[in-house]
Amino acid sequence: NCSSIDFTGVTNIFGNSYSFVALKKDLGQAVCWGDTDYGGNCSSIDFTGVTDILGNENGAFVALKKDLGQAVCWGDADYGGNC
């Protein structure tokens, strides 16, 4: 349920089979919702500098920071959520 989420400033929304992430690229912030075991909790992730996000069907996300040559992952560690 995303009814309590403030989507002001959201530039992109990404999803996998179990959860979603709304990226506020200009602010370096994001909010996630859905199944917390599969990427629905991203409160510990630093989204500063994130340029792209990809979610896979198995419940993991990767956020790419192209300009820094870095990535951060979350979600199901067995399917890419631990990089």
Side-chain angles (χ1 to χ4, degrees):
N1 185 346
C2 63
S3 62
S4 64
I5 295 173
D6 179 6
F7 288 96
T8 303
V10 168
T11 54
N12 304 90
I13 296 178
F14 306 91
N16 63 35
S17 296
Y18 305 96
S19 57
F20 295 92
V21 56
L23 178 63
K24 300 178 180 186
K25 190 183 294 189
D26 299 337
L27 300 173
Q29 300 173 350
V31 61
C32 300
W33 69 98
D35 191 318
T36 57
D37 291 331
Y38 300 100
N41 180 358
C42 59
S43 60
S44 65
I45 305 297
D46 178 7
F47 288 94
T48 304
V50 168
T51 54
D52 297 290
I53 295 177
L54 177 66
N56 69 26
E57 64 184 34
N58 296 313
F61 288 100
V62 59
L64 179 62
K65 301 178 180 188
K66 283 183 187 177
D67 298 340
L68 301 174
Q70 300 174 345
V72 61
C73 304
W74 72 100
D76 191 328
D78 292 333
Y79 295 99
N82 184 7
C83 62

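FYI, the numbering just counts along the sequence from 1. Just so it is clear, the model here is predicted, and its values are computed rather than measured.
Scanning for ring-ring contact (aromatic ring centres under 6.0 Å, His included) contacts around Tyr18 gives Tyr38, with sequence neighbours left out. Contacts of Ala30 classified as side-chain contact (heavy atoms from CB on, under 4.5 Å), with partners at least two apart in sequence or in another chain: Val21, Leu23, Phe47. Take Ser3 and apply the side-chain hydrogen bond (donor to acceptor under 3.5 Å, both in side chains) test, not counting sequence neighbours, and it matches Asn1. Residues that satisfy the side-chain hydrogen bond (donor to acceptor under 3.5 Å, both in side chains) test with Asp46, not counting sequence neighbours, are Thr48. Partners of Asp52 by salt bridge (Lys or Arg N to Asp or Glu O under 4.0 Å), not counting sequence neighbours, listed by chain and number: Lys66. Qualifying side-chain hydrogen bond (donor to acceptor under 3.5 Å, both in side chains) partners for Asn12, counting only residues two or more places apart in sequence or in other chains: none. Residues forming a disulfide bond (SG atoms under 2.5 Å apart) with Cys2 (at least two apart in sequence, or on another chain): none. Qualifying side-chain hydrogen bond (donor to acceptor under 3.5 Å, both in side chains) partners for Ser4, counting only residues two or more places apart in sequence or in other chains: none.
Remark: Ser19 OG to Asn41 CG distance equals 10.0 Å, nearest 0.5 Å. Atom CG of residue Asn58 and atom CG of residue Asn16 lie 8.5 Å apart, to the nearest 0.5 angstrom.
Note on Ile13: it clusters hydrophobically with Val31, by side-chain heavy-atom contacts below 4.5 Å among ILVMFWY residues. Residues Val62 and Ile53 are members of separate hydrophobic clusters, defined by side-chain heavy-atom contacts under 4.5 angstrom among Ile, Leu, Val, Met, Phe, Trp and Tyr. In the hydrophobic clustering of ILVMFWY residues, with side-chain heavy atoms under 4.5 Å counting as a link, Phe14 and Val10 come out apart.
Residues Gly81 and Ala60 come closest through the heavy atom pair N-CB, 3.5 Å.
For residues 49-72, every residue pair satisfying the ring-ring contact (aromatic ring centres under 6.0 Å, His included) rule, not counting sequence neighbours, is listed here: Phe61-Trp74. Residue pairs meeting the disulfide (SG to SG under 2.5 Å) criterion with at least one partner in residues 46-83, sequence neighbours excluded, are Cys73-Cys83.
In this structure, Tyr79 shares a hydrophobic cluster with no other residue, the cluster being traced through Ile, Leu, Val, Met, Phe, Trp and Tyr side chains under 4.5 angstrom apart.
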